[in-house]
Every structure is written in structure tokens, then in C-alpha cells.
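In listed order, ligands and their atoms are each counted from 1. For the single chain, residues carry numbers from 1 onward in sequence order. Since the structure is predicted, the reported quantities are computational estimates derived from the model, not experimental observations.
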Amino acid sequence: MVKHSSRIELKQSAYKNNINFIRKKIGEKAVLSSVVKANAYGHGIESFVPMAEKCGVQHFSVASSFEAEQVLNACKKESRIMIMGIIYEEDIPWAVEHGIEFFVYNYDRLPKALEAAKKVGKPAKVHIEMETGANRTGMQKDEFAPALNFLKKHQEHLVFEGLCTHFGGAESMANQFKIDMQHKRYKSFLKSCQSKGLMPKYRHIACSAAALAMPDTVYDLVRVGVAQYGFWPSPEIYFNHLHEVDKKSDSALKRIFSWKTDIMDIRMVDQGEFIGYGTAFQATHEMKIAVLPLGYSNGYPRALSNRGQVLIAGKKAPIVGLINMNLFMVDITHISDVKVGDEVVLIGRQGNAVINVSSFTNATQLLNNEMLSRLPAAIPRTVVR
Ligand SMILES: *Cc1c(COP(=O)(O)O)cnc(C)c1O
């Protein structure tokens, strides 16, 4: 197979570290569901899922039936998959057939789940998602009693796998009053279950921020996305942790992701010459330039034109000129012993130097999640120790 113009590496030891850390926070009992929507936040479902399984993860959450199929193709038979978002009606039987759990985010989905279960001849595993204040998806309050009656009546075909909700903005302390209100509403739905004598197998509401900072939101399962990839959900959640452990800094979560390419060509440019398209960069002196074989079509933000940096031979090399569709250039005048084919780190560590996703996103106004999840699926991902 021919090579792609860049590659992503996932560090298994760092991931194991993160899982251990999250496990310590949530305790031994709760199921840790690894949220792998958006191609595992850009890390690549195909490589990430088997790596996560090696680290003990057995439950995966996705945003769509499309992603569920990707996980199904990558995971072990025993692993469980949960669809938190869109599953088209015509795909419900497929999910039931494969034992894939899914959110029922409005009442109308229940009879459809029942129909699918009857058609396939297997019970449908449903998680009732409740509206508690995010006003995104979730069943309305007045739909809940009828839903419980429906579940009770059709227990043979419908498994009440979960009762859940999603916090809108748990990573920010300023939203705490809203999160508390959501939690309170959730608890009242649990009470209704109790009085009906129909309890869900799994109660779950916590995302990364809640799992790390709000122990009372950890029930039977937690849905952890961003933290497992080694990112604190927000500075506040990080500072909250520092406060808890009484430390000034703590690298408890480790990045597992690095993005690399190689030098495609090296050339000398005379003083006064322009580099790349237009007149965006003019050489102020004789310069040694490395040409890199990727650009904005490969997920490298164009906003880093003339301002980003890459790592070559353990040193920072500034970007000169515009990021093109498939190429960009960096200044290596100050770096000796560089040759064509040498490794270039776009995000990650090389020697003692580091380029973080955040240094990237500061310049581009992208969120970490946004930047990572946009990386093209075509970039190969490999797991390293
Ligand atoms: C994305 C998502 C999560 C995970 O959120 P993180 O903040 O990345 O941990 C959990 N639950 C639902 C419903 C989600 O959509």
C-alpha cells in the first residue's frame, strides 16, 4: 500500500494512564463508557477501539448508527455499543439485531423500537433519555409516565437498559446552578421509576467534566469523551482537581495523540524572494526552507499561515507563507543536519519540544474537540506503546 502524506500515532501507555486516573475518580463500580463519536474525537475509531479494549474498556458510545457500525467492525464481540444520537427509523432493526443499545429521545421512538424488536425477534435495549434543561434531545416530562407504562407492558420486547440525561455545560462552574437543576429533575424521574417498580439497569448522566469533578453524578455508568483522550474538559475542572489533591500542577491526564509527517524537499531561497502563493512571505535573508506534503485539505488549519510552528530535529520551525491545499513551507535556516525524509511533528513531542493542540487552537479559534474531530478519516492511525 502506498503511503499517506501524514500519520497519527496513539500512545497506548498514555491511554492506560488516563483510564486508570478516571477509574480512580469514578470508583470501581460504574461502567466506563468510552465516547468515540466523531471518529473517536479524531483519534480514529478503527485503531482506537481495539486499543481501548486492551486497556479494559468494554462499552462504547457513539452519536449515530453510522458510527455504531464503524465500532461494530472494529470491536470485540463482547463489547457493547450505545447510540446516543441519530438512528434512522429504518436502521432500528439493524441495531436490535446486533444488540446495539440506543437512546430513545422522544416518546414516538418507543413503539418503533417495539416494532423492530418484534420484527427481529430479539429484545431492543433502550435508554430513555430525559429532557432536564439542556433542551436538546430527550423525552418531555409529561411523556415519561406513558413511557414507563409502555415499557412495563412490553417487557418481553423492550429492555429498560438505561435512564439518562446530558448536562449542558458541566465543564464550567458558572453553569453549576443549571447543572444542579438538571440533576434534580433527573432524580425526580428516578423516583417515578421507583414508585412504578420499574428501574433501569443503568442510570447515567455524567460526561467527563461531571465524572471528574462531581462525584454525586456518577451512577451506574459514565460517558467519558474528552478526558480519556488526555484533555481536561476545562481549566476549571483541572484547577478543581489540583485543589482536591493539593498540588500546584499534575499531569494526571496524558495526551495520547501525535500527528506526524516527513520533509518532502529542502531548498535555499535568496533574500527578497517570495515563498509560496502570492506575497504573503518575503525572505528577509537567505533562507533554508523545508517543504511539507500536507495542507488544509488534510486538516491542517489555514489560519496557521505565517504563524504556526512544527518540530524538526527537536526544534521549532516556523511556518512561512500560506498553508496551501496540500503543501506548506517552514523555515529551517537555524536547524543543521536536516535532510529530506526526516520526521516532522505537527502535534506532539519531539525531543524536549512540544506542540500542543491548544497552541494550535489558540491561533485558530477552534476548540480542541473541533480541531481534532475535523482531521480527515483518511489519515492512517497507528497504536504505539
Ligand atoms: C459527547 C457526549 C458525551 C461526552 O462528553 P465529554 O465532555 O467529551 O466527556 C457524553 N454524553 C453525551 C450525550 C454526549 O453527546
Item to complete: If you have a sec, work out which protein heavy atom is nearest atom 14 (C) of ligand 1 and how many Å separate them, to one decimal?
Response: Lys37 NZ, 3.0 Å
Worksheet item: Less than 3.5 Å between some nitrogen or oxygen of Cys207 and one of ligand 1, yes or no?
Response: no
Worksheet item: Hey, which atoms in ligand 1 end up nearer than 4.0 Å to a heavy atom of Arg136?
Response: 15 (O)
Fill in: Identity and separation of the nearest protein heavy atom to atom 11 (N) of ligand 1
Arg223 NE, 2.8 Å
Discussion item. Give me the residue, atom name and distance of the protein heavy atom closest to atom 9 (O) of ligand 1.
Written reply: Ser208 OG, 2.5 Å
Worksheet item: Strictly under 4.0 Å, does any heavy atom of His127 approach an atom of ligand 1?
Response: no
Worksheet item: For atom CG of Asp246, is the number of surrounding heavy atoms from other residues, nucleotides or ligands below 6.0 Å larger than 12?
Response: no
Worksheet item: Does Glu156 CD have over 12 foreign heavy atoms under 6.0 Å away?
Response: no
Discussion item. With a 4.0 Å cut-off on N to O distance, would you call Glu9 and Arg385 a salt bridge?
Written reply: no
Worksheet item: How far is atom 8 (O) of ligand 1 from its nearest protein heavy atom, and which residue and atom is that?
Response: Tyr41 OH, 2.6 Å
Worksheet entry | Ring center gap for Phe21 and His241 short of 6.0 angstrom | yes
Discussion item. Pairs of nitrogen or oxygen atoms closer than 3.5 Å, one from Phe103 and one from ligand 1: do any exist?
Written reply: no
Worksheet item: Going through the distances and angles, do Lys112 and Glu89 end up as a salt bridge (Lys or Arg N to Asp or Glu O under 4.0 Å)?
Response: CA-CA 7 Å; Lys112 283 165 191 159; Glu89 217 177 301; 3.5 Å; yes
Discussion item. Any nitrogen or oxygen of Asn369 lying under 3.5 Å from a nitrogen or oxygen in ligand 1? Just yes or no.
Written reply: no
Worksheet item: With a cut-off of 6.0 Å (strictly less than), are more than 12 heavy atoms of other residues, nucleotides or ligands near CG of Asn73?
Response: yes
Fill in: Numbered atoms of ligand 1 (with element) below 4.0 Å of Val226, judged on heavy atoms
6 (P), 7 (O), 8 (O), 9 (O)
Worksheet item: Salt bridge or not for Lys201 and Glu161, using N-O below 4.0 Å?
Response: yes
